[in-house]
Every structure is written in structure tokens, then in C-alpha cells.
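Worksheet for the structure shown next.
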2 protein chains.
Amino acid sequence: MNIGEVAARSGVPAKTIRYYEEIGLIPPADRGSNNYRDYGTREVETLRFVQRARSLGFGVKEVAGLLELYRDRRRTSREVKRLAKQHIAEIERKIVELEAMRATLAELVERCHGDHRPDCPILADLAGEPRQTRTG
Amino acid sequence: MNIGEVAARSGVPAKTIRYYEEIGLIPPADRGSNNYRDYGTREVETLRFVQRARSLGFGVKEVAGLLELYRDRRRTSREVKRLAKQHIAEIERKIVELEAMRATLAELVERCHGDHRPDCPILADLAGEPRQTRTG
DNA sequence: CTTGACCTTCCAGTTGCTGGAAGGTCCAGA
DNA sequence: TCTGGACCTTCCAGCAACTGGAAGGTCAAG
């Protein structure tokens with residue numbers, strides 16, 4: 001199977017598959033006599049796994065860890081659960097940060113007349129004291 | 001005022017101030033005879049503005065737009081409000097995306113025993129059908 | 001035998017910084 | 001006067017996770 005076919009079946013663009021190979025997330029593909037990468041269904045499955053994990057927001061390094069666990073028959077579900085929980089915590093941290101931004105902005109937008117005049121509480125707020133930068 | 005002082009007063013690291021200058025977000029600073037950048041309180045204010053806008057999640061290009069409006073006495077608050085609302089929409093899009101990830105992960109974590117055995121619904125799910133990739 | 005859709009590699013750009021090297025400057029204290 | 005450390009300067013590299021594009025090889029159909 002050529003890379004285009006794998007891309008179509010896994011949902012991972014050909015370009016990205018090559019990139020994953022380059023950074024070592026997936027092993028180098030076999031090559032045909034024409035030097036084309038040659039894949040089987042196993043590789044498609046691996047890439048689907050990667051695609052799904054990425055779509056859940058796991059970073060590439062975390063995906064590498066999950067992939068290792070996936071392939072390890074002696075893994076414990078405890079370890080998998082730990083990674084997942086850790087990732088949920090990270091997502092929640094981001095949500096909290098975004099919610100705070102939204103709240104501040106919503107309040108400012110609420111107070112802004114949004115007319116032809118230059119007076120604007122949004123700009124007035126931005127011109128005020130330094131705000132706390134996001135942690136992390 | 002040297003760049004270190006400005007950094008302390010504005011909350012923007014010296015390194016970042018130079019970077020902002022390089023990309024044109026702020027105008028090139030005056031230079032002293034020793035070639036050190038020389039700033040006044042106006043520059044500190046500008047950098048505070050930038051710092052606050054960035055902390056609300058505005059991208060550098062958006063900050064450039066806000067800064068332009070800030071300096072334009074003939075601006076309309078309508079325009080500022082429009083930018084802010086647009087940014088809120090973007091933030092909300094991200095929140096929705098993160099919430100979806102959290103929901104999926106929470107459900108999987110809930111179903112995972114998290115014990116010494118290898119059986120794991122989290123990995124089973126990842127090994128399933130391709131999921132929709134995030135839009136944008 | 002040509003055309004077009006594949007495939008290959010490599011380089012550059014994206015976003016927003018941050019770290020570090022190599023070197024110049026300034027000021028306080030011995 | 002010298003020295004040391006804390007400044008400042010520029011430039012180069014790297015992070016994350018790709019994506020776009022150029023230049024060129026391959027393959028199958030008509």
C-alpha cells in the first residue's frame with residue numbers, strides 16, 4: 001500500500017506520516033523497488049491510533065508513550081489511566097485559562113457602546129495595569 | 001531608561017521586547033551613544049498594553065490592530081468591540097473543542113479499571129475508528 | 001509517448017517566544 | 001587604575017507540530 005492510500009485510510013495526511021516517521025513516532029516504512037514507502041494494514045491501524053490520540057489533544061510525546069503501552073502486552077491499565085488523567089488535568093487547566101479570558105473580555109464588550117465614538121472601556125482596560133501572565 | 005528597567009515596569013521580558021521590535025509590533029527604540037536602547041514612559045505604557053492584550057489571548061497581529069486603534073484618536077469603539085467579539089468567538093471555539101476532549105477522556109477514564117491488568121478501554125477506544133480532527 | 005497523478009527529498013515558513021554564545025559597556029569597590 | 005559583575009548588543013538555534021512548495025523520479029492509462 002502506498003502512502004496516499006494509508007493517508008486516506010488512517011485520516012493522517014501523507015505529509016504528516018512522513019513527518020511522524022522522521023521524528024521517530026512511527027518506525028521507518030519498508031521501501032519498494034521504486035523507493036516508495038510500502039505499508040500494510042498494521043501501519044494503518046497504528047496511524048489511526050495516533051490520529052485519535054492527537055485528536056484528543058495528546059502531544060506527540062504522549063502519543064509515543066500511549067503507543068508503547070498499546071504494543072506492550074504486559075502493560076497495566078493503571079499506567080494508561082494515569083496518562084489519561086494527567087492529560088485531562090492539562091486540558092482543564094487550559095479551559096480555566098480560556099474561561100478567564102472570556103469572562104474578562106465579555107465584561108469589557110458588555111461595557112463598550114460600540115458606536116462611532118472613540119471612547120472605549122476595552123482599550124481603557126488594556127491601557128491599565130499589567131495583568132498576570134498565564135502560568136505554564 | 002534601559003531595556004531591563006522597561007521589562008521590569010511593563011512585565012514584558014527584555015528578550016521579548018527586542019523580539020516585538022524585530023517583528024515590527026513596536027517601533028525601533030532610540031539608541032544612546034553606547035547603542036543601548038533608550039525608552040521613556042510612553043514605551044512602557046505601550047508595552048503594558050501589549051502585555052495585557054496578549055494575556056487576554058490576542059495574537060500578535062490582533063494586538064498590532066488594537067495598538068493602532070489605541071493610538072488613533074479617530075477610532076470608533078465599534079471597531080474595537082468588533083475585534084473583541086471576534087476574539088471571544090475564537091476563544092469559545094477553543095473551549096468547545098477542549099470540553100469535547102475532556103468529555104471523551106473522562107468517560108474513558110471512568111470506564112478504565114486502572115489496575116495491574118492490561119485490558120483498557122482507553123487504548124481500545126484509541127485503536128478504533130478515526131475520529132474527527134479539530135477544525136481550524 | 002505523453003499526460004497527470006502519484007511518489008521522493010529537502011528547505012522554508014508558521015506562532016511567539018526563549019536560551020545561549022560571543023562580545024561591548026558601565027559602575028562600584030579595592 | 002583595575003577588576004568583577006551586571007548590564008547591554010547581535011545572531012543563531014530550538015521548541016510544537018506540522019504545512020507548503022520546489023525539483024525531480026515513477027507509474028499507469030490512453
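In what follows, every chain begins at residue 1, and chains take the letters A, B, ... in the order their sequences are listed.
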Item to check | d(CG, B:N2; P, C:dT25) in whole Å | outcome: 14 Å
Next on the checklist: Side chain of B:R31 only, heavy atoms from C-beta on: which candidate in D:dC18, C:dT18, D:dT9 is closest?
Outcome noted: D:dT9
Next on the checklist: With rounding to the nearest 0.5 angstrom, report the CG to OG1 distance, A:D119 to B:T76.
Outcome noted: 11.5 Å
Checklist outcome for this item: Regarding the side chain of A:N34, the nearest nucleotide among D:dT26, C:dC7, C:dC17 is D:dT26
Checklist entry - If you find the nucleotide of DNA chain C closest to B:K15 and the one closest to A:R37, which residue's nucleotide is nearer the 5' end? => result A:R37
Item to check | C:dC17 OP1/OP2 closer than 4.0 Å to side-chain N/O of B:Y20 | outcome: yes
Checklist entry - How would you label the contact of A:I3 with the nucleic acid (heavy atoms, under 4.0 Å): base, sugar-phosphate, or nothing? => result sugar-phosphate
Checklist entry - Counting distance only, does the side-chain N/O of A:R75 pair as donor-acceptor with the main-chain N or O of A:L66 below 3.5 Å? => result no
Checklist entry - Between the main-chain N or O of A:E62 and the side-chain N or O of A:H87, is there a donor-acceptor pair closer than 3.5 Å? => result no
Checklist entry - Between D:dC8 atom C1' and B:D30 atom CG, what is the distance in whole Å? => result 16 Å
Checklist entry - What integer distance in Å separates A:Y39:OH from C:dT8:C1'? => result 12 Å
Got a list of protein N/O to nucleotides 1-5 of chain C N/O distances below 3.5 Å?
none

Checklist entry - How many Å lie between CD on B:E5 and P on D:dA6, as a whole number? => result 17 Å
Item to check | Interatomic spacing from CD1 in A:I88 to CE in B:M101 - rounded to 0.5 Å | outcome: 12.0 Å
Next on the checklist: For the CD1 atom of B:I91 and the CD atom of B:Q86, what is their distance to the nearest 0.5 Å?
Outcome noted: 11.5 Å
Checklist outcome for this item: Out of C:dT18, C:dC7, C:dC17, minimum distance to the side chain of B:P13 belongs to C:dT18
Next on the checklist: Without decimals, in angstroms, what is the distance between A:R18 CZ and C:dC10 C1'?
Outcome noted: 12 Å
Checklist entry - When you check the phosphate oxygens OP1 and OP2 of D:dC18, does a side-chain N or O of A:R54 lie under 4.0 Å from one of them? => result yes
Checklist entry - Would the number of heavy atoms belonging to other residues, nucleotides or ligands and lying under 6.0 Å from CZ of B:R74 be above 12? => result no
Item to check | Other residues, nucleotides, ligands: >12 heavy atoms within 6.0 Å of A:E68 CD | outcome: no
Next on the checklist: Side-chain N or O of B:T16 versus OP1/OP2 of C:dT18: is the shortest distance under 4.0 Å?
Outcome noted: yes
Checklist entry - Within this structure, what is the OH-to-P distance between B:Y19 and C:dG20, rounded to whole angstrom? => result 19 Å
Next on the checklist: Without decimals, in angstroms, what is the distance between A:D38 CG and C:dC7 C1'?
Outcome noted: 13 Å
Item to check | Atom pair distance, as rounded to whole Å: CD1 in B:I17 and P in D:dT9 | outcome: 10 Å
